[in-house]
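Worksheet: one structure, shown below.
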Amino acid sequence: MANLSPFPEDVPLNMQIKSLGDDELLDFWEETQFLERFLEDDMITRSQASMQYERLILQELQLRSCRRCVSERRA
């Protein structure tokens with residue numbers, strides 16, 4: 001099965017996340033949650049990669065939220 005990735009493999013995950021739009025970022029988060037639940041039967045504890053995805057996505061969402069609040073206050 002072919003897999004088309006919009007990013008070269010050497011681009012760090014945090015840079016890929018920053019380049020996603022809000023809807024794409026939420027879709028990515030939703031997909032990681034779905035995959036985690038799907039794979040949960042085979043895993044006893046959450047994988048480090050899964051926790052890294054979630055942490056990076058949540059940090060980016062918090063940063064964007066703070067930026068929106070600051071720009072709204074200035075307007």
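The structure presented is a predicted model; accordingly, all values stated were derived computationally and were not measured. What you see below is based on every heavy atom in this structure, not just the backbone, and it leaves out hydrogens, waters and symmetry mates.
Considering CD of Gln52 and CG of Asn14, their distance stands at 8.0 Å, rounded to 0.5 Å. One distance of note links OH of Tyr53 with CD1 of Ile57; it measures 9.0 Å at 0.5 Å rounding. Of the inter-residue distances, the one linking Cys69 atom SG with Arg74 atom CZ reads 12.0 Å to the nearest 0.5 angstrom. Annotation: the span from Ser65 atom OG to Leu58 atom CG amounts to 12.0 Å, rounded to 0.5 Å. In this structure, the separation between CZ on Phe28 and CD on Gln33 is 10.5 Å, given to the nearest 0.5 Å. The CG atom of Leu63 sits 10.0 Å away from atom CZ of Arg68, with the distance rounded to the nearest 0.5 Å.
Arg64 and Leu20 make their closest contact through NH2-O, 2.6 Å (heavy atoms, listed as atom of the first residue, atom of the second, distance). Of all non-hydrogen atoms in Val11 and Gln16, the two that sit nearest each other are O-NE2, 2.8 Å.
Between the Ser71 side chain and the Arg67 main chain, a donor and an acceptor come within less than 3.5 Å of each other.
Shown here are the side chain to side chain contact (heavy atoms under 4.5 Å, CB included) partners of Gln59, two or more places apart in sequence or in another chain: Arg55, Leu56.
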